[in-house]
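Just so you know, these numbers use all the heavy atoms, side chains as well, and skip hydrogens, waters and symmetry mates.
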Amino acid sequence: MSLEGRVIGLVEDDPIMGESLVQSLTLEGSHVDWWRTGRDAMRGLLATSPDLVVCDIRLPDLTGDRLFRELAGRCALPPFLFVTAFGDIGEAVELMQRGAGDYMTKPFAIADLVGRANALIHRHPMSHADAVLGVSDAMREIETVCRRISTLSSPVLITGETGSGKEICARFLHRNSARSREPFVAVNCAAIPAELMESELLGHEKGAFSGAHALHRGYAERARSGILFLDEIGEMPLGLQAKLLRLVEAREFHRVGGETSVPFGARVVCATNSDLVSEARHGRFREDLLYRIDVVRIDLPPMRRRPADLPWLMDLFFEQLKGDGQINIRGFSTLAYDAALEHAWPGNVRELRNRIERALALARGDWVMPADLFPEVAERVASEGNERATLAEVRDAAERRQIERVLKETGRQVGETARLLGISRTTLWEKMRRLDLGAVEPDD
């Protein structure tokens with residue numbers, strides 16, 4: 001991710017500062033509309049839709065606060081990054097509480113402003129109105145693949161850690177296919193006892209066994225011509241795997257106790273968080289079945305490898321969970337976003353949704369704060385008696401941990417690290433110098 005191709009509105013009356021910002025942002029690939037007064041900015045912003053507004057708080061005709069409030073009542077606002085002198089920090093904090101994106105105090109390094117601008121743009125929902133699965137490059141590519149294969153009938157295998165969104169991906173594939181009017185039947189292979197699995201999947205005839213008092217149509221039959229989604233396929237008993245192989249290959253099956261074959265018309269989509277190749281090598285999964293279901297594979301990356309999706313998902317879940325006026329919370333504070341980006345998310349998307357749901361239920365203020373998302377961390381800090389840190393110290397600590405984490409993943413390669421962090425190489429070098437993180441290796 002970068003600022004290339006983005007439209008940025010600049011509200012700055014100082015000609016030297018304004019010229020410097022225009023030049024720097026243009027070098028990053030952005031188009032910059034520069035207004036020198038609040039009234040000019042008002043007219044310009046009502047007529048355009050920039051991805052971000054960089055705005056000085058002190059303007060010759062009105063304040064940045066007034067500009068922001070008047071625009072908020074007349075149009076959908078892009079994120080605002082306010083620039084302020086040290087004495088106006090209190091006003092900047094109030095602006096953030098009203099919904100502004102972030103603020104910086106003068107003097108500042110241009111690289112820091114570029115990094116903040118990049119982060120704001122890529123976590124703002126207005127920039128991603130067409131996103132469905134995510135806004136990161138990885139999820140955009142997966143979305144493209146799903147649309148491309150939606151017209152096929154080939155089996156699909158979706159892999160990924162627990163909670164990474166495998167069923168969501170499968171349902172997206174279903175919605176965008178010609179089968180969308182047919183059923184989507186989801187089966188959790190790990191949740192059904194082994195002795196009942198065959199009857200549940202394939203159905204049984206009346207009298208097939210003790211207690212079979214009527215004909216039972218299984219999941220495969222109920223899926224008709226839609227999608228049969230087999231979650232946690234690695235947990236399916238070996239004996240039933242042979243019958244699933246016949247189901248996929250011959251496109252027919254027999255109910256338990258039945259002698260007549262039943263045609264199978266659904267598309268098979270499987271999901272697993274296991275290494276099925278290793279499972280097959282150790283005799284715990286049929287190799288021939290693996291080859292048959294692994295025709296098209298979709299590998300979902302974990303949350304920690306796609307940080308660009310995190311703020312977008314937070315905003316998405318907030319809209320879904322806040323209800324119709326039932327929760328009087330305005331959104332997430334900037335510190336909450338920073339804390340979320342710092343977290344490793346071992347439970348992936350499922351953990352994120354659960355944390356947001358709990359935060360919305362228990363948050364005391366107008367904005368969700370880090371302690372609302374991570375109460376266990378707040379309790380630990382309180383018990384340790386830590387002193388309060390300034391906003392700058394909190395932000396630096398979060399940046400340092402995230403950069404160190406990605407550097408480790410990339411083997412300290414500058415280009416790949418900058419790409420994953422969504423910043424330019426120049427910005428990365430500047431941050432590493434400021435945070436004393438040492439040198440990185442070139443990767444080209």
Checklist entry - Between the side chains of Asn176 and His174, is a donor N or O closer than 3.5 angstrom to an acceptor N or O? => result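 On atom types as modelled, these side chains do not qualify, holding no pair under 3.5 Å.
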Checklist entry - Are Thr159 and Thr272 linked by a side-chain donor-acceptor pair shorter than 3.5 Å? => result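 No.
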Next on the checklist: Please enumerate all residues that pass ring pair (Phe, Tyr, Trp, His ring centres under 6.0 Å) together with Trp345, with sequence neighbours excluded.
Outcome noted: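 Partners of Trp345 under the ring pair (Phe, Tyr, Trp, His ring centres under 6.0 Å) test: His343, Phe374.
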Checklist entry - For Phe332, which residues count as a ring pair (Phe, Tyr, Trp, His ring centres under 6.0 Å) partner, sequence neighbours excluded? => result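 Only Phe318, Tyr337 meet the ring pair (Phe, Tyr, Trp, His ring centres under 6.0 Å) criterion with Phe332.
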Check whether [X] reaches the backbone of [Y] with its side chain - one donor and one acceptor, N or O, closer than 3.5 Å.
{"X": "Arg267", "Y": "Ser154", "result": "yes"}
{"X": "Thr26", "Y": "Val22", "result": "yes"}
{"X": "Ser180", "Y": "Ser177", "result": "yes"}
{"X": "Thr410", "Y": "Val406", "result": "yes"}
{"X": "Thr63", "Y": "Leu59", "result": "no"}
{"X": "Arg355", "Y": "Leu373", "result": "yes"}

Quick one: closest heavy-atom pair of [X] and [Y], and the distance?
{"X": "Pro301", "Y": "Ser164", "result": "O-CB, 4.4 Å"}
{"X": "Leu67", "Y": "Cys55", "result": "CD2-SG, 3.9 Å"}
{"X": "Asp372", "Y": "Ala359", "result": "O-CB, 3.5 Å"}
{"X": "Leu341", "Y": "Pro311", "result": "CD2-CD, 4.3 Å"}
{"X": "Cys146", "Y": "Leu173", "result": "O-CD1, 3.4 Å"}
{"X": "Ile329", "Y": "Ala363", "result": "CD1-CB, 3.6 Å"}

Checklist entry - Taking NZ, NE, NH1 and NH2 as the nitrogens, is one of them in Asp288 or Arg286 under 4.0 Å from a carboxylate oxygen of the other? => result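 Salt bridge: yes.
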Item to check | Test: Asp40 and Arg36 ion pair at under 4.0 Å | outcome: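 The answer is no: the pair does not qualify as a salt bridge.
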Is [Y] close to [X] at the side-chain level, that is, under 4.5 Å between some pair of heavy atoms?
{"X": "Asp56", "Y": "Lys106", "result": "yes"}
{"X": "Glu287", "Y": "Glu279", "result": "no"}
{"X": "Leu228", "Y": "Val187", "result": "yes"}
{"X": "Asp299", "Y": "Ile158", "result": "no"}
{"X": "Val32", "Y": "Pro50", "result": "no"}
{"X": "Pro155", "Y": "Val248", "result": "yes"}
{"X": "Ile293", "Y": "Ile233", "result": "yes"}
{"X": "Val7", "Y": "Asp33", "result": "yes"}

Contacts of [X] that satisfy side chain to side chain contact (heavy atoms under 4.5 Å, CB included) - sequence neighbours left out:
{"X": "Glu357", "answer": "Leu321"}
{"X": "Ala361", "answer": "none"}
{"X": "Glu161", "answer": "Pro302, Arg304, Asn348"}
{"X": "Glu232", "answer": "Asn188, Ala190, Glu235, Asn273"}

When rounded to the nearest 0.5 angstrom, what distance separates [atom1] in [X] from [atom2] in [Y]?
{"X": "Tyr103", "Y": "Arg116", "atom1": "OH", "atom2": "CZ", "value": "8.0 Å"}
{"X": "Leu133", "Y": "Leu300", "atom1": "CG", "atom2": "CG", "value": "8.0 Å"}
{"X": "Asp61", "Y": "Thr37", "atom1": "CG", "atom2": "OG1", "value": "4.5 Å"}
{"X": "Arg350", "Y": "Ile168", "atom1": "CZ", "atom2": "CD1", "value": "8.5 Å"}
{"X": "Ile149", "Y": "Thr144", "atom1": "CD1", "atom2": "OG1", "value": "11.5 Å"}
{"X": "Met42", "Y": "Leu71", "atom1": "CE", "atom2": "CG", "value": "4.5 Å"}

Item to check | side-chain contact (heavy atoms from CB on, under 4.5 Å) between Ile110 and Leu21, intermediate numbers included | outcome: CA-CA 8 Å; Ile110 292 295; Leu21 290 175; 3.6 Å; yes
Salt bridge (charged side-chain N to carboxylate O under 4.0 Å, His left out) with [X]: which residues, sequence neighbours excluded?
{"X": "Arg175", "result": "none"}
{"X": "Asp294", "result": "Arg297"}
{"X": "Glu167", "result": "Arg171"}
{"X": "Arg224", "result": "Glu182"}

Item to check | Listed partners of Arg66 passing side-chain hydrogen bond (donor to acceptor under 3.5 Å, both in side chains), at least two apart | outcome: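 side-chain hydrogen bond (donor to acceptor under 3.5 Å, both in side chains) check on Arg66 returns Glu70.
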Checklist entry - Above 12 or not: heavy atoms from other molecules or residues under 6.0 Å from CD of Gln23? => result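 Result for CD/Gln23: open.
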Checklist entry - Within a radius of less than 6.0 Å around CZ of Phe108, do more than 12 heavy atoms belonging to other residues, nucleotides or ligands occur? => result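 It does: Phe108 CZ has more than 12 such atoms within range.
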Checklist entry - For Val145 and Glu141, what are the C-alpha separation, side-chain angles and deciding distance, and is it a side-chain contact (heavy atoms from CB on, under 4.5 Å)? => result CA-CA 6 Å; Val145 170; Glu141 178 61 26; 3.8 Å; yes
Item to check | side-chain contact (heavy atoms from CB on, under 4.5 Å) between Leu157 and Ile298, intermediate numbers included | outcome: CA-CA 6 Å; Leu157 178 62; Ile298 297 175; over 6 Å; no
Next on the checklist: Taking salt bridge (charged side-chain N to carboxylate O under 4.0 Å, His left out) as the cut-off, I'd like each qualifying pair that reaches into residues 7-25, sequence neighbours left out, listed once.
Outcome noted: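 Salt bridge (charged side-chain N to carboxylate O under 4.0 Å, His left out) check on residues 7-25 returns no pairs.
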Checklist entry - Are Ile57 and Phe68 close enough, and set up right, to give a side-chain contact (heavy atoms from CB on, under 4.5 Å), and what steps lead you there? => result CA-CA 10 Å; Ile57 284 186; Phe68 182 79; over 6 Å; no
